2 protein chains.
Amino acid sequence: MKPRVGIADVAREADVSTGTVSNVFNRPEIVAVHTRNRVLSAIERLGYVRSENARVLRGQPSRIIAVLVHDLTNPYCMTLVQGAEEAARAAGLAVMVYTSPRNTAEEARCLALLTEHEIRGVLITPADTSDDFMAALPRSGIPCVLMDHDARPGRPRVCSVAIDDVTGGRLAVQHLLAAGHRSVGFISGPPHLPQVARRRAGALEAVAHAGLPATALRELDCPAMTVAAGRSAGRRLLNVTNRPTALFCAHDLLALGVLHELNEAGLRVPSDVALVGCDDSAYASSASVPLTSLQRPGRMVGATAVRLLEAETSLPDGEHDHVQVVLTPELAVRRSTAARDAHSSLQHRL
Amino acid sequence: MKPRVGIADVAREADVSTGTVSNVFNRPEIVAVHTRNRVLSAIERLGYVRSENARVLRGQPSRIIAVLVHDLTNPYCMTLVQGAEEAARAAGLAVMVYTSPRNTAEEARCLALLTEHEIRGVLITPADTSDDFMAALPRSGIPCVLMDHDARPGRPRVCSVAIDDVTGGRLAVQHLLAAGHRSVGFISGPPHLPQVARRRAGALEAVAHAGLPATALRELDCPAMTVAAGRSAGRRLLNVTNRPTALFCAHDLLALGVLHELNEAGLRVPSDVALVGCDDSAYASSASVPLTSLQRPGRMVGATAVRLLEAETSLPDGEHDHVQVVLTPELAVRRSTAARDAHSSLQHRL
DNA sequence: TTGTAGGCGTTATCAC
DNA sequence: GTGATAACGCCTACAA
């Protein structure tokens, strides 16, 4: 292990002082061209690399941001991480990943890790359980941006990037209503999830706006966002009187389960039932009938969060107004809601 | 912004010297119990956190490892990251993620990032393109563990954790042969991928071992590992004379595409055609017919890689023998290869 | 068992 | 424009 080559070695090699070498990096404009070139070639020759640790020890801002997500294998979470990583890389920042702490002990360990490394800031998708953690973060002085979650309406103490799920729900149901459906089922996920609640609100808005009674939206609860739960919902659906001709599912996996079950019962998508999923995960496009799906711009959320964090941390303390960004989802239209053919149109008219 | 509370503040508060405070962390046993307690309570009171930067600046080993993968949204890569993150967290290490550099400029930036942060080591899934990068890493002195890739057979200069894909291919085809199939199709991916080549080798082994001619394995090339490519393969398959009764696909997505296409042509899985996928991604279990799939233990690869890196970096330089770990995949058996019913058994006998 | 002091590599402030 | 020098916060001989 060769001893690390430092700024002093470069200085000696280039026959200048350490201060000048430092200036070559930090204020290139104030050092004479020929001196600078001498220094640069010395750096090259010696293969010198700066020590980030010494930099931040000396008080420079850290170049590391942390991303906390619930589950690294969740495709949506990964789009957040991906967006963050891309934006961070472009900004010369490194990304540390961490799965959100699930109990007080983990919270302490996590907080220790973040503070000990003097992280630049944290991007986090808060869980319902982590309210105390969310409170501890600002107390520790670590800047923090919320992802996929709008800050408390009152006075925002942090920045956030959310997705407008109300609009999302509205888009999905409007699309179905525009195709002529008059009865839409909403296959919901766990009811306590705020995202789901907002999609429902949007769905109701669309129904109301079309002049239909609220009962035109029929709800079917699901305990979880899984294929199995979707299958079970699909089975229940088969026995429903006056079955809806279109379904909006709170997640692609639910839609997938429903799709399988409908197919097995001999019903066709989209001719018998139209189907809209949510999240536009790879599942949607790879389903046996490609699913129309509400596309939630996770990558953009991650990237925007990085930018907000950068903005916040490059300003002196207190001079930053916390800002809440809301991104709008789009509907990726695919075969599962294709216009119904003549036969089923006729059927509909009867 | 309150000024950081340092070791000196703690020392003052506990009425000891800074050296003693440091000892409380680094060699607790040599400091008297009552002194230690006084220090600990002072730490608690002041909310002191160590500065990792100062620690490693002083020569302590870094507590950060980097994980380089091709694509953060690739489900398999995610399992690698997940495994690494879990193991790292358990070991008190932080994980930095980075998408593998795609050109020389990115390589330089990446190398700079890693060296400037004085990373403890790197876990990497090497791409075919990154040979020069792979050479640059050890030159920079950063310890490195290869994931899903065995080191060059000659003299290994790094540790590696690979998956025994030959055995994997053998397992898959043995399973099919044991179910009575006598003609198996191999839907391969891009032929240059070494993993695919090895799975094919294993498949051929199984065929030979069963006393069948090599022609019992029929190959169908696919340009990519996507659903679309799988559909196209499925269509080609329909016109093949003497169609195989079982298929081993080099990836779940291929299998999914094949499944869709077979279904649309009125063929049933598994009664008409049995289907085995690969990677055991979530796609496999969530397919309309849950897919039997070759389960590649990505999480374990990531976790093992962390352990190897830890072992390597906690030994003095040169005293470490690079070790190549090979993990064995397992077959997750599901409905797509369920025993065929009486009817199709009969059909088979004819 | 505890205290003291030097140095890790960098940046910033001052003289020159 | 450039050079010397004092921090930053911590660890570890070595001295007491």
Side-chain angles (χ1 to χ4, degrees), chain A residues 1-40 42-43 46-64 92 112 115-120 141 316, chain B residues 1-40 42-43 46-64 112 115-120 141:
Chain A
M1 199 70 159
K2 47 182 180 264
R4 190 188 176 85
V5 10
I7 210 174
D9 304 291
V10 176
R12 204 175 317 114
E13 174 86 6
D15 199 32
V16 295
S17 77
T18 62
T20 302
V21 177
S22 176
N23 283 336
V24 167
F25 280 109
N26 300 38
R27 304 119 95 179
E29 63 283 2
I30 77 158
V31 33
V33 220
H34 61 282
T35 319
R36 187 166 54 199
N37 287 336
R38 236 178 35 245
V39 171
L40 286 175
I43 286 171
L46 268 47
Y48 162 78
V49 286
R50 287 150 103 181
S51 161
E52 184 72 12
N53 288 302
R55 282 170 56 82
V56 343
L57 181 57
R58 195 57 187 68
Q60 302 292 319
S62 165
R63 290 181 195 276
I64 304 181
T115 51
E116 289 182 5
H117 283 280
E118 270 152 296
I119 296 294
R120 168 82 151 269
Chain B
M1 200 72 159
K2 47 181 181 262
R4 190 189 177 84
V5 10
I7 211 174
D9 304 291
V10 176
R12 205 175 317 116
E13 174 86 5
D15 199 31
V16 294
S17 75
T18 61
T20 303
V21 177
S22 177
N23 283 336
V24 168
F25 280 110
N26 299 47
R27 307 120 97 184
E29 63 283 0
I30 77 158
V31 32
V33 221
H34 61 281
T35 318
R36 186 166 53 201
N37 287 335
R38 236 179 33 245
V39 171
L40 287 175
I43 286 171
L46 268 47
Y48 164 76
V49 286
R50 288 150 102 182
S51 160
E52 184 73 11
N53 289 302
R55 281 170 57 81
V56 344
L57 182 57
R58 192 58 186 66
Q60 303 290 324
S62 164
R63 289 180 196 276
I64 305 181
T115 52
E116 289 182 4
H117 282 279
E118 270 153 298
I119 297 292
R120 169 81 151 270

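Everything quoted here is computed from the prediction, not taken from an experiment.
- Only one option out of V21(A), V24(A), N37(A) pairs with V31(A) in a side chain to side chain contact (heavy atoms under 4.5 Å, CB included); it is V24(A).
- Judged by distance alone with a 3.5 Å cut-off, no donor-acceptor contact links the side chain of R58(A) to the base of dA12(C).
- Here N53(A) lies out of heavy-atom contact (under 4.0 Å) with every strand.
- Residue I30(A) has its side chain nearest to dT2(D) when only dT2(D), dT11(C), dG6(C) are considered.
- The CG-C1' distance, from L46(B) to dG9(D), rounds to 15 Å in whole Å.
- Counting non-hydrogen atoms under 4.0 angstrom, N26(B) reaches the backbone sugars and phosphates but no base.
- Set against dT4(C), dA4(D), dT10(C), the side chain of S17(A) has dA4(D) as its closest nucleotide.
- Here dC11(D) presents its P atom at 11 Å from CG of L57(B), a figure rounded to the nearest Å.
- Atom CZ in R12(B) sits about 14 Å away from atom P in dG3(C), given to the nearest Å.
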_From CA spacing to verdict: side-chain contact (heavy atoms from CB on, under 4.5 Å), E52(B), R50(B)_ = CA-CA 6 Å; E52(B) 184 73 11; R50(B) 288 150 102 182; over 6 Å; no
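- Comparing atom distances between the V16(B) side chain and each of dT11(C), dG3(C), dT10(C) picks out dG3(C) as nearest.
- Applying the side-chain contact (heavy atoms from CB on, under 4.5 Å) test to A14(B) and every residue at least two apart in sequence or in another chain returns V16(B), V39(B), A42(B).
- Taking only side-chain atoms of T35(B), from C-beta outward, the nucleotide of dT4(C), dC8(C), dT1(C) with the closest atom is dT1(C).
- Distance, N23(B) CG to dC11(D) P: 10 Å, rounded to whole Å.
- Under 4.0 angstrom from either OP1 or OP2 of dT2(D) there lies no side-chain N or O belonging to T20(A).
- Listed candidates were dC8(C), dT2(C), dA5(C). Nearest to the side chain of H34(B) is dT2(C).
- Contact annotation for V56(A): no contact, since no heavy-atom pair falls under 4.0 Å across all strands.
- Of all nucleotides listed (dG9(C), dT4(C), dG1(D)), dG1(D) comes nearest to the side chain of A32(A).
- For T18(B) and E118(B), each mapped to the nucleotide of DNA chain C holding its nearest heavy atom, the one lying further toward the 5' end belongs to T18(B).
- Counting any heavy atom pair closer than 4.0 Å across all strands shown, G6(A) reaches sugar-phosphate atoms only and no base atom.
- When rounded to the nearest whole Å, the span between CG of D9(B) and P of dC8(D) equals 11 Å.
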*Quick one: do V49(A) and R4(A) satisfy side-chain contact (heavy atoms from CB on, under 4.5 Å)? Show the steps, please.*
CA-CA 9 Å; V49(A) 286; R4(A) 190 188 176 85; 3.8 Å; yes
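- More than 12 heavy atoms of other residues, nucleotides or ligands sit less than 6.0 Å from atom CG of N26(A).
- Taking only side-chain nitrogens and oxygens, Q60(B) never comes nearer than 4.0 Å to OP1 or OP2 of dC8(C).
- The side chain of S51(A) sits closest to dG9(C) out of dG9(D), dA12(C), dG9(C).
- As judged by a 4.0 angstrom heavy-atom cut-off over every strand, R55(A) is placed among residues touching the sugar-phosphate backbone only.
- Atoms CZ and OG, from R55(A) and S22(A) in turn, are 8.5 Å apart once rounded to the nearest 0.5 Å.
- Spacing between atom CZ of R63(B) and atom C1' of dC10(D) amounts to 13 Å, rounded to whole angstrom units.
- When rounded to the nearest whole Å, the span between CD1 of I7(A) and C1' of dT11(C) equals 8 Å.
- Comparing dA12(C), dT12(D), dG9(D) against the side chain of R4(B) picks out dG9(D) as the nearest.
- Between R27(A) and the phosphate of dG1(D), there is no side-chain N or O to OP1/OP2 separation shorter than 4.0 Å.
- Rounded to an integer number of Å, the gap from CZ of F25(B) to P of dC11(D) is 8 Å.
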